[in-house]
Amino acid sequence: MPVTIIIGAQWGDEGKGRFVDWLATSADIVARFSGGDNAGHTIVLGKQVYKLHLIPSGILHPGVVALLGNGMVINPVNLVKEMDGLIAQGVSITPENFIISTRAHIITPAHIAFDRAKEKARGADAIGTTLRGIGPAYVDKIDRQGIRAGQMTDIESFTETLHTTLKNANHTLARDNVELLDVEKSSLDYLEAAARLRPYLQETAIYLNQRLKQGARVICEGAQGALLDVDHGSYPYVTSSSPSSGGALTGLGFGPTHVDCVLGIAKVFSTRVGGGPMPTEQDNAIGAQLRGTGSNQWDEYGTTTGRARRCGWLDLVMLRYSAAINGYTELAMTKLDVLSGFDELKIAVAYELDGNRYDYPPYDSAVLERVTPIYETLPGWQEDLTGARTPAELPANARAYLQRIGELIELPITSVSVGPERTQLVQL
Ligand code: GDP
Ligand code: IMO
Ligand code: MG
């Protein structure tokens, strides 16, 4: 069967982009199904670094169709900017290799203003969103008052709807004493973007199903991570969509019978950006070592917002839950090279609170904030792994670390990356 779903198994930024890019060599279609430009997926090819926010990571492969699914929320102005940036980097983007669902929802400047205002109002309890308007756009979708991408085909009605939406938003913003939107300028920017994007719009679910019937191989490119899922994450410190494997089906419009591989991507340690519980966080020298100083592009600073990511030990309790809700058939791990230089490594195998043991994360974020991880300690290694290309070239302790993770999670770990470059990969 022809569909592989690739899911961020943790809190995002696991290295999904580089794995999608690597697997896209044997795909016909690479499709995003959830979220919007809150995502930041990095691909490194020699000296070229590509940072993708909306456009699927398959775009770099000639012959692959990159598809934005109905489950997404799309900022048209930012999408056009991203397209132009990639075109300037020599990437070909035409309606032949890039299509956008008519059913995806549009992020307007009003959504961004509301995201900002809500975060400010939350004060110390802020979620730490990417301020891209994601939450408010999904609210309008679920409230059945969103604007859909298909409306961009009728520029006149699109502009009129947008104009009215922004004017109405200004009433609310004025009431809340928040800076007003420049309705005329925003409308013009959106009008221009809509005219650019019109040729790319399609009924993508029908397209996808027709291609599947003809034997096409499809990669669904997850964004965010399963632990940020609105249902399964540490609510309310989550994103507003379903970045888990179930979301791929609704976010693209195909049935589960097509899927033969659900690949979870996990870093060999934990990172999180934004607020919310993170039981294995190391707000100390260990965390700083995992994060890096920012001098390398792969150091733990957000691809979308530049924020320093919180870092900590690998959390098997979270990963166990992630595997359960997604049905991973295998796991790929990233950033093994970053663990070189630790004398010992820790893996949280359970949590403890008030005499109770937790093998899965409790649903209540306030409880999750209070748990203490129960760690298993493994020996580290000092060797530089960035040149390794076969399992035999990894130190015995690195192999043992991966093997232990595989045992604990009861899943095959089929590959591990040892650097950000496309080829810095070891198949196990
Ligand atoms: P994504 O959102 O899941 O696609 O991940 P991001 O691109 O936001 O973050 C992953 C970061 O780690 C990027 O800077 C990648 O270039 C980098 N990266 C990916 N795999 C590896 C690896 O194996 N080693 C190192 N050092 N960096 C990696
Ligand atoms: P990729 O695809 C990491 C986080 C934000 C915040 C929460 C809600 O690159 O892995 P939102 O703007 O979605 O309303 O923010 O979700 N978040 C991500 N963290 N990687 C991402 O995407 C993220 N997308 C959203 O930091 O905590
Ligand atoms: Mg990212």
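Counting convention: from 1, in listed order, for ligands and their atoms alike.
- Near Lys16, with a cut-off below 4.0 Å to any heavy atom, the atoms of ligand 2 are 1 (P), 2 (O), 10 (O).
- A salt bridge does not link Asp299 with Arg291: every distance from a Lys NZ or Arg NE/NH1/NH2 to an Asp or Glu carboxylate oxygen is 4.0 Å or more.
- The backbone N or O of Gly12 sits nowhere less than 3.5 Å from a side-chain atom of Lys267 that would complete a donor-acceptor pair.
- Distance from atom 4 (O) of ligand 1 to its nearest protein heavy atom, with residue and atom name: Gly17 N, 2.9 Å.
- Remark: minimum distance from atom 13 (O) of ligand 2 to any protein heavy atom is reached at Thr239 OG1, 2.6 Å.
- If you check which protein heavy atom lies closest to atom 7 (C) of ligand 2, you get Val238 O, 3.9 Å.
- Judged purely by distance below 3.5 Å, without hydrogens or angles, the side chains of Ser241 and Thr239 never pair a donor atom with an acceptor atom.
- Residue contact annotation: Gly8 has no non-hydrogen atom under 4.0 Å from ligand 1.
- A 6.0 Å sphere centred on CD of Glu179 holds no more than 12 heavy atoms belonging to other residues, nucleotides or ligands.
- Residue contacts with ligand 1, taken as heavy atom pairs separated by less than 4.0 Å, involve Asp337 solely via side-chain atoms from C-beta onward.
- Remark: Glu221 does not engage Arg32 in a salt bridge, criterion side-chain N to carboxylate O under 4.0 Å.
- The one candidate from Leu23, Val20, Ile5 that meets the side chain to side chain contact (heavy atoms under 4.5 Å, CB included) condition with Leu263 is Leu23.
- Phe158 and Tyr190 have parallel rings, their planes meeting at less than 30° on a 0 to 90° scale where 60° marks the start of perpendicular.
- Using a 4.0 Å cut-off between charged nitrogen and carboxylate oxygen, Arg196 and Asp84 count as a salt-bridge pair.
- His53 and Asn78 share no side-chain donor-acceptor pair at under 3.5 Å.
- At least one N/O-N/O distance between Gly15 and ligand 1 falls below 3.5 Å.
- For ligand 2, the atoms closer than 4.0 angstrom to any heavy atom of Ala223 are 2 (O).
- Here the heavy atom of the protein found nearest to atom 15 (O) of ligand 2 is Thr129 CA, 3.3 Å.
- In summary, the atoms of ligand 2 found under 4.0 Å from a heavy atom of Ala39, numbered by their order in the structure, are 1 (P), 2 (O), 9 (O), 22 (O).
- Residue Ser417 has at least one nitrogen or oxygen atom sitting less than 3.5 Å from a nitrogen or oxygen atom of ligand 1, judged on distance alone.
- The closest approach between any non-hydrogen atom of Arg309 and ligand 2 is not below 4.0 Å.
- Of the charged side-chain nitrogens involved, none lies within less than 4.0 Å of a carboxylate oxygen, so that Glu376 and Lys346 do not count as a salt-bridged pair.
- By the 4.0 Å heavy-atom criterion, Ser240 is excluded from the residues contacting ligand 2.
- The main-chain N or O of Thr386 is found under 3.5 Å from a side-chain atom of Asp384 such that the two form a donor-acceptor pair.
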When you look at Tyr363 and Ser234, which way does the side chain to side chain donor-acceptor pair (under 3.5 Å) test go after all the steps?
-> CA-CA 7 Å; Tyr363 95 97; Ser234 43; over 6 Å; no
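- Residue Gly40 has at least one N or O atom closer than 3.5 Å to an N or O atom of ligand 2.
- No salt bridge links Arg132 with Asp115; every basic N to acidic carboxylate O contact stays at or beyond 4.0 Å.
- The closest protein non-hydrogen atom to atom 20 (N) of ligand 2 is Asp13 OD1, 3.1 Å.
- Looking at ligand 2, you won't find any N or O of Arg132 less than 3.5 Å from one of its N or O atoms.
- Of all the listed residues (Glu421, Gln297, Met333), Gln297 holds the heavy atom that lies closest to atom 14 (O) of ligand 1.
- Of the N or O atoms in Glu14, none lie within a sub-3.5 Å distance of an N or O in ligand 2.
- The shortest N/O to N/O separation between Thr130 and ligand 2 falls below 3.5 Å.
- Side chains of Asp143 and Tyr138: a donor-acceptor N/O pair is absent below 3.5 angstrom, by distance only.
- Each of the atoms 3 (C), 10 (O), 20 (N) of ligand 2 lies under 4.0 Å from some heavy atom of Gly12.
- Those atoms of ligand 2 with a heavy atom of Gly274 less than 4.0 angstrom away are 27 (O).
- Heavy atoms of Leu228 found under 4.0 angstrom from ligand 2 belong exclusively to the side chain.
- Residue contacts with ligand 1 for Lys335 involve both N, CA, C or O and side-chain atoms from C-beta outward (heavy atoms, distance under 4.0 Å).
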Just do the side-chain contact (heavy atoms from CB on, under 4.5 Å) check on Val367 and Tyr358 with the steps written out, would you?
-> CA-CA 11 Å; Val367 176; Tyr358 293 83; 4.0 Å; yes
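- Nearest non-hydrogen protein atom to atom 5 (C) of ligand 2 is Gly128 O, 3.6 Å.
- For Arg211, the CZ atom counts as densely surrounded, since its 6.0 Å shell holds more than 12 non-hydrogen atoms of other residues, nucleotides or ligands.
- Looking only at atom types and distance, the side chain of Ser101 has no donor-acceptor partner in the side chain of Arg103 under 3.5 Å away.
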Between Ile59 and Val64, does a side-chain contact (heavy atoms from CB on, under 4.5 Å) hold up when you go through it step by step?
-> CA-CA 7 Å; Ile59 196 74; Val64 169; over 6 Å; no
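- Residue Val418 touches ligand 1 through its backbone alone, judged by heavy-atom distances below 4.0 Å.
- Atom 7 (O) of ligand 1 has as its closest protein heavy atom Thr42 OG1, 2.6 Å.
- A donor-acceptor contact shorter than 3.5 Å links the side chain of His61 to the backbone of Asp21.
- With ligand atoms numbered from 1 in the order given, ligand 1 contributes 21 (C), 22 (C), 23 (O), 24 (N), 25 (C) to contacts under 4.0 Å with heavy atoms of Gly419.
- Which of Gln224, Arg307, Lys51 comes nearest to atom 24 (N) of ligand 2 through a heavy atom is settled by distance: it is Gln224.
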List, one per line, each side-chain donor-acceptor pair under 3.5 Å for residues 65-74, sequence neighbours excluded.
unit_1 : atom_1 : unit_2 : atom_2 : d
Asn70  : ND2    : Thr250 : O      : 2.8

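- Distances shorter than 4.0 angstrom occur between a heavy atom of Arg309 and an atom of ligand 1.
- Ligand 2 has a nitrogen or oxygen under 3.5 angstrom from a nitrogen or oxygen of Val273.
- Within ligand 1, the atoms closer than 4.0 Å to a non-hydrogen atom of His41 are 1 (P), 2 (O), 4 (O), 7 (O), numbered from 1 in the order shown.
- Shortest distance from the Mg ion (ligand 3) to Asp13 is reached at OD1 (N/O/S atoms only).
- Contacts between Trp11 and ligand 2, counted as non-hydrogen atom pairs separated by less than 4.0 Å, involve the backbone only.
- For the ligand labelled ligand 1, residue Gly12 lies outside the 4.0 Å heavy-atom shell.
- Taking a cutoff of 4.0 Å between a charged side-chain nitrogen and a carboxylate oxygen, Lys335 and Glu300 qualify as a salt bridge.
- Between Leu336 and ligand 1, no pair of N/O atoms sits closer than 3.5 Å.
- Only the side chain of His41 comes within 4.0 Å of ligand 2, counting heavy atoms alone; its backbone N, CA, C and O stay farther away.
- Backbone or side-chain N, O or S atoms of Gly12 do not reach the Mg ion (ligand 3) at under 2.8 Å.
- At a heavy-atom distance under 4.0 Å, no atom of Thr305 approaches ligand 2.
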